[in-house]
Amino acid sequence: TTAYIPSNGFNSREICCPSLLNSGGGGGGGIEDEKTAFSVAGTNGDSVQSLLNQLVDGGSTDQLTTNVQTSMPPDAVPVYDDLMLKSPYLSDSVMIAAVNKEDVFSSSMVTEILSANPQAAKSEAVMTEVEFRMNPLTEDQKTQINEGLYEFGGKEILEAQLANYRLDRSYSLGKILNYYSGDSLSLNPIDSMLSYLTISNNIWSKYHEAFLRAQIQDTSGTEVILTIIPQMFSLSQSQQTEHLHYTQFIGIMQDLLHDSLSMLHTDSLTIQTVNVIKQSSEGIMQVYARNLLYGIQGYSDYVEPYQLPQPGNTPSNVRWQSPKPVKKNSLKLYPNPAQNYAIAEYYLKETSSNCLLKIYNYSGQLLMGFPATGAHGYINLSFDKHPAGVYICSLECENTKLESVRLVVAK
């Protein structure tokens, strides 16, 4: 008699190990949604990065820094005007050069330049140079600059947007890698993972790519990745040490795979190297080394550190100032002239729920309108769908025109 075997699907690979490629994988959309999110975040990030490249220091930090450093007293006004025109997109390098050019820029000029760039007040490097000027700024001038602690300039807004897009892209990449690494039906999951890691330009993805290439014994590819990382990224001293540990650890992995051995089959000399990595590393390589030693030796001398609060108050280096009330209505546009984008910064002496920023063409036709809420804010203006020309940007409350600024769009 043939034994009855219920059809529970346990003998089916498709049922026992279902593919994760078309599922949500634990919440949210499936892999296709993550691929779309990865692509969209990358495109948006590239657009913001391109805009920053055009706006910061007029597109060339080295050139603008040189212009400031080599300026002479007769050049004070034109160079000052150029810096103000490129504000609030000045880099720390340019602002520091302006602060130190005491024979060209007066204290009032320096105050106006730094005030037009709110990021100056948040930069320890810039404010340190302000404190060490031979011709010091007055306390009122420093207070005016420090108002930037409560504001966000156009450069900071774009940098925040860029960081957000990069975070979204990194998050989607992590989910994509998890989908492929956990999929049991994909014929070439590592190839799929590498296709995404190759086009990702953050440091953790490059190290991940190096590990995967070592895993498939792509020796030359691994060496290329480890070689270009210090060229792609500006590594701090601790990151340079960590990079050396990555190189050593991946080298050990490659040697063992070449001999068809696992990481648990290390000899005593290799164990000494791993111990050195564990003791001298302060990052993820310490974790890798510690876990490997635990797998080999079966015990760990790791003790979880506890950071307890110390008594008393922690000193702060932040130069907090009491915010001053807005004394007058104002509207600023930058860059001006603009190309496809401009940022409107407004201040309202008295807030109202019926305030609008209206954009008119030179014939007086209303093209766009945006709500202006709060005493201070920024509004991004897009002229992608509008031709080059002269536009009037008007700040209006309760149908009363408060401020108007002419904007030139040159494409």
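Residues take their numbers from the sequence shown, with the count starting at 1.
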Any donor-acceptor N or O pair under 3.5 Å, side chains [X], [Y]:
| X | Y | answer |
| --- | --- | --- |
| T36 | D33 | no |
| S71 | D75 | no |
| Y360 | Q365 | no |
| S262 | H265 | yes |
| T270 | D267 | yes |
| D384 | Y341 | yes |
| S281 | E242 | yes |
| R166 | Q49 | yes |

Practice problem: Determine, for F38 and K175, whether the Lys NZ or Arg CZ falls below 6.0 Å from the six-membered ring centre while staying within 45 degrees of the axis. | Solution: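 Negative - K175 is either too far from the ring of F38 or too far off its axis.
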Under a 3.5 Å distance rule, please check whether [X] uses its side chain to pair with a backbone N or O of [Y] as donor and acceptor.
| X | Y | result |
| --- | --- | --- |
| Y346 | T373 | yes |
| E156 | G153 | yes |
| N336 | V408 | yes |
| Q239 | S236 | yes |
| N164 | A160 | no |
| K86 | L55 | no |
| Q339 | V409 | no |
| S39 | K35 | no |

Quiz item: What about the rings of F211 and Y288, do their centers lie closer together than 6.0 Å?
Solution: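 Close enough - the centres of the two rings lie under 6.0 Å apart.
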Are more than 12 heavy atoms, taken from residues, nucleotides or ligands other than [X], located less than 6.0 Å from that residue's [atom1] atom?
| X | atom1 | result |
| --- | --- | --- |
| Q240 | CD | yes |
| R406 | CZ | no |
| F233 | CZ | yes |
| F152 | CZ | no |

Counting C-beta onward and ignoring hydrogens, is there a side-chain heavy-atom pair between [X] and [Y] closer than 4.5 Å?
| X | Y | answer |
| --- | --- | --- |
| S107 | N135 | yes |
| P371 | C355 | no |
| Y391 | Y362 | no |
| L83 | N117 | no |
| L356 | F370 | no |
| M368 | K358 | no |
| Q279 | Q286 | no |
| L194 | I216 | yes |

Which distance, rounded to the nearest 0.5 Å, do you find between the [atom1] of [X] and the [atom2] of [Y]?
| X | Y | atom1 | atom2 | result |
| --- | --- | --- | --- | --- |
| L293 | N275 | CG | CG | 5.0 Å |
| N380 | I343 | CG | CD1 | 5.0 Å |
| I392 | L367 | CD1 | CG | 11.0 Å |
| K332 | L395 | NZ | CG | 13.5 Å |
| I113 | K101 | CD1 | NZ | 13.0 Å |

Quiz item: Can T266 and V274 be said to form a side-chain contact (heavy atoms from CB on, under 4.5 Å), step by step?
Solution: CA-CA 10 Å; T266 56; V274 177; 5.7 Å; no
Practice problem: Measure up the H376 and Y347 rings against each other and bin them: parallel (under 30°), tilted (30 to 60°), perpendicular (over 60°). | Solution: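 If you compare the ring of H376 with that of Y347, the planes turn out parallel.
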Exercise. Kindly assign one of parallel, tilted or perpendicular to the pair Y207 and H243, based on the angle between their ring planes and the thresholds 30° and 60°.
Key: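 Ring orientation of Y207 relative to H243: tilted.
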Practice problem: For the pair V99 and L114, evaluate side-chain contact (heavy atoms from CB on, under 4.5 Å) and give the outcome as yes or no after the intermediate values. | Solution: CA-CA 9 Å; V99 170; L114 299 188; 4.0 Å; yes
Practice problem: Considering non-hydrogen atoms only, spot the tightest contact between M285 and I277 and give its length. | Solution: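 Heavy-atom minimum between the residues: O-CG2, 3.9 Å.
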Quiz item: Hey, mind stepping through V130 and L137 against side-chain contact (heavy atoms from CB on, under 4.5 Å) and telling me if it holds?
Solution: CA-CA 7 Å; V130 170; L137 273 61; 4.1 Å; yes
Exercise. Go through the structure and list residues passing salt bridge (charged side-chain N to carboxylate O under 4.0 Å, His left out) with R169, not counting sequence neighbours.
Key: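 Not a single residue meets the salt bridge (charged side-chain N to carboxylate O under 4.0 Å, His left out) criterion with R169.
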Exercise. Show your reasoning for whether side-chain hydrogen bond (donor to acceptor under 3.5 Å, both in side chains) applies to S47 and N44.
Key: CA-CA 5 Å; S47 298; N44 291 339; 5.4 Å; no
Quiz prompt | Stepwise side-chain contact (heavy atoms from CB on, under 4.5 Å) test for T241 and H245 | solution = CA-CA 6 Å; T241 302; H245 295 153; 3.5 Å; yes
Self-check item: Carboxylate-amine/guanidinium contact E159 K155, below 4.0 Å
Solution: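 Looking at K155 together with E159, the answer is yes, because their closest N to O distance falls below 4.0 Å.
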